Asks: 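Please find one structure pasted underneath; my questions will follow.
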There are 2 protein chains.
Amino acid sequence: MARPRTFDEDAILDRAMLLFWRKGYEATAMSDLVEELGLGRGSIYAAFGDKHQLFVRALSRYLGRQDTLLTTAFDADGPALAQLRDVLDRLLAADAACGNAGCFSVNSIAELLPRDEDVARLAQRSLRVAEEAFTRQLERAAQDGELSATVTPDAAARLLLTVIQGIQIVRKVDPDPARAAVALDSVFALLSKEPAELMPDPA
Amino acid sequence: MARPRTFDEDAILDRAMLLFWRKGYEATAMSDLVEELGLGRGSIYAAFGDKHQLFVRALSRYLGRQDTLLTTAFDADGPALAQLRDVLDRLLAADAACGNAGCFSVNSIAELLPRDEDVARLAQRSLRVAEEAFTRQLERAAQDGELSATVTPDAAARLLLTVIQGIQIVRKVDPDPARAAVALDSVFALLSKEPAELMPDPA
DNA sequence: CATTTACTTGACCGCTCGTTCCAGAACGCG
DNA sequence: CGCGTTCTGGAACGAGCGGTCAAGTAAATG
């Protein structure tokens with residue numbers, strides 16, 4: 001019964017996300033947001049509360065997309081490890097979209113934890129979701145005999161989670177995608193059950 | 001021929017380091033530093049230039065210690081992989097000194113790269129030093145037959161570097177040291193050439 | 001078409017930021 | 001024992017911060 005919003009809240013959140021992603025929380029000023037979002041200060045405060053709430057919603061949106069990718073990308077067809085590797089590559093590729101800014105989640109964890117409890121909760125949930133998705137896929141890999149017997153699916157999931165986060169850091173220092181891929185290549189090579197070709201004396 | 005400094009510059013840098021480590025660059029105000037360092041504003045500016053230079057010197061000091069550990073801790077005695085694992089444990093333990101604040105270097109990379117060129121240079125140097133130290137030690141491991149043939153020393157070094165950085169992130173979200181160790185345990189288990197597990201070996 | 005309601009805008013607020021500056025204290029030297 | 005020099009601490013500064021508010025505007029309703 002009154003004037004409706006003239007902007008799309010989700011679109012605005014996406015733009016805010018990109019800004020926070022590139023600059024971090026503290027280094028992003030409200031004046032930057034006003035400029036980037038194309039909204040008046042008042043509209044932003046009316047719609048999102050304050051800077052911190054806006055940040056949390058932007059981060060939440062980012063993490064939601066990651067969660068969606070991880071919980072929908074796996075199916076029971078095809079080689080489990082190859083499928084997992086493909087998802088991780090896509091995840092890393094998505095984070096390369098914001099020119100050398102790394103991963104919004106990793107950046108936020110490093111900048112704001114352990115002080116910011118809201119961000120801490122979001123990060124905990126997101127890492128748990130990822131780890132569980134990895135674990136399920138690795139359990140299937142183990143059942144199919146793809147996974148090295150040296151590690152359990154649990155431990156391998158934890159390792160993969162750690163490697164992904166690590167790549168996001170190393171990549172900010174050395175953006176060469178080929179060198180970034182080395183860590184993933186290595187860990188997958190190690191996780192795979194080696195075929196007999198490398199064994200010198202089978203019988 | 002005049003009044004000498006009444007404070008120890010290195011001790012002041014250490015305290016500044018701890019503050020930047022805990023709070024990050026942007027969230028640390030000069031007033032925080034004045035309070036924490038016990039120096040007047042004027043003295044800080046006279047001694048270090050400005051906030052950014054002070055930060056760079058504090059980070060440089062932190063990285064220098066890491067570099068020293070990595071370039072002095074290895075010797076040619078004893079099992080190479082075990083020695084490497086021990087050094088990494090000490091490195092992680094050192095970073096646990098600043099209560100759940102993670103690793104100063106990782107935090108700084110995530111917050112300030114790719115914008116801050118000074119920090120970028122420091123980080124590049126430090127990661128290169130670490131990677132080379134890992135590589136040398138892993139080459140020795142390979143020569144001694146400790147290293148899995150699945151990976152080259154180069155690739156394994158890159159993987160280890162990545163895992164270390166990743167642990168620093170994951171740890172800020174989930175500080176449980178046991179869970180943090182899982183990733184390291186797994187990667188070392190995978191990197192080791194399995195000698196005995198599958199064949200009964202009398203001890 | 002008048003009224004109502006919510007949204008939009010940008011001027012504005014108090015505060016805190018990083019930085020500068022200066023008056024006085026402290027020390028080495030002739 | 002002053003004199004010159006440097007260090008010290010804190011007052012003060014302009015700029016920019018996050019956040020507020022009132023006036024103007026546009027849509028929906030009867």
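Since the model is a prediction, treat every value here as computed from it, not as a measurement. So that the names make sense, note that chain A is the first sequence line, chain B the second, and so on, each numbered from 1.
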Asks: To the nearest Å, give me how far apart CD (Q53(B)) and C1' (dG18(C)) are.
Replies: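 Rounded to whole Å, this separation is 13 Å.
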Asks: Within the 3.5 Å criterion, strictly below it, is a donor on R171(B) or Q168(B) matched to an acceptor on the partner's side chain?
Replies: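 There is such a pair (donor and acceptor under 3.5 Å, judged by atom type) between the side chains of R171(B) and Q168(B).
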Asks: Is it true that R61(B) and D10(B) have a side-chain N and a carboxylate O under 4.0 angstrom from each other?
Replies: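 D10(B) and R61(B): salt-bridged.
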Asks: Using whole Å, report how far CG of L33(A) lies from P of dC17(D).
Replies: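 Between P of dC17(D) and CG of L33(A): 11 Å.
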Asks: Is the F104(A)-F55(A) ring centre distance short of 6.0 angstrom?
Replies: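 Yes, the ring centres sit under 6.0 Å apart.
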Asks: Is D14(B) salt-bridged to R65(B), cutoff N-O under 4.0 Å?
Replies: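 Result for this pair is yes, salt bridge flagged.
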Asks: Over its full length, what angle do the end axes of the helix from dC1(C)-dG30(D) to dG30(C)-dC1(D) make, each axis taken from five pairs and the result rounded to 10 degrees?
Replies: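 Result, rounded to 10 degrees: 0°.
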Asks: Could you check whether K51(B) makes a cation-pi contact with Y25(B), meaning its NZ or CZ is under 6.0 Å from the centre of the six-membered ring and within 45° of the ring axis?
Replies: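 So K51(B) does make the cation-pi contact.
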Asks: Using whole Å, report how far CG of L37(A) lies from C1' of dT8(C).
Replies: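 For the pair L37(A) CG and dT8(C) C1', the rounded distance is 14 Å.
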Asks: May I have the distance from I44(B) (atom CD1) to dC7(D) (atom C1'), rounded to whole angstrom?
Replies: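 Atom CD1 in I44(B) sits about 14 Å away from atom C1' in dC7(D).
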Asks: Using atom CD1 of I12(B) as one end and atom C1' of dT8(D) as the other, report the distance to the nearest whole Å.
Replies: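 Atom CD1 in I12(B) sits about 13 Å away from atom C1' in dT8(D).
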Asks: Would you be so kind as to tabulate the donor-acceptor pairs closer than 3.5 Å made by side chains of residues 26-36 of chain B, with sequence neighbours excluded?
Replies:
unit_1, atom_1, unit_2, atom_2, d
T28(B), OG1, G24(B), O, 2.6
D32(B), OD2, K23(B), NZ, 3.2
D32(B), OD2, A29(B), N, 3.0

Asks: Just the rounded figure in Å: distance from P of dG18(C) to NZ of K23(B).
Replies: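 Rounding to the nearest Å, NZ of K23(B) and P of dG18(C) are 10 Å apart.
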Asks: List the protein contact pattern of nucleotides 18-26 of chain D with one symbol per nucleotide (5' to 3'): B for base contact, S for sugar-phosphate-only contact, - for none; contact means a heavy-atom distance under 4.0 Å.
Replies: BBBB--BBB
Asks: With the threshold set at 4.0 Å, does a side-chain nitrogen-carboxylate oxygen contact exist between R158(A) and D185(B)?
Replies: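 No, no charged N to carboxylate O under 4.0 Å.
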Asks: Would E9(B) and R57(B) pass as an ion pair if we require N to O under 4.0 Å?
Replies: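 A salt bridge links E9(B) with R57(B).
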Asks: For R125(A), does the CZ atom have more than 12 heavy-atom neighbours from other residues, nucleotides or ligands under 6.0 Å away?
Replies: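 12 or below, so no.
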Asks: Return the value, rounded to whole Å, for the distance between atom CZ of F7(B) and atom C1' of dG9(D).
Replies: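 So the CZ-C1' distance, F7(B) to dG9(D), works out to 12 Å.
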Asks: Find the distance R5(A):CZ to dT5(C):C1' and express it as a whole number of Å.
Replies: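 Atom-to-atom, R5(A) to dT5(C), this comes out as 14 Å.
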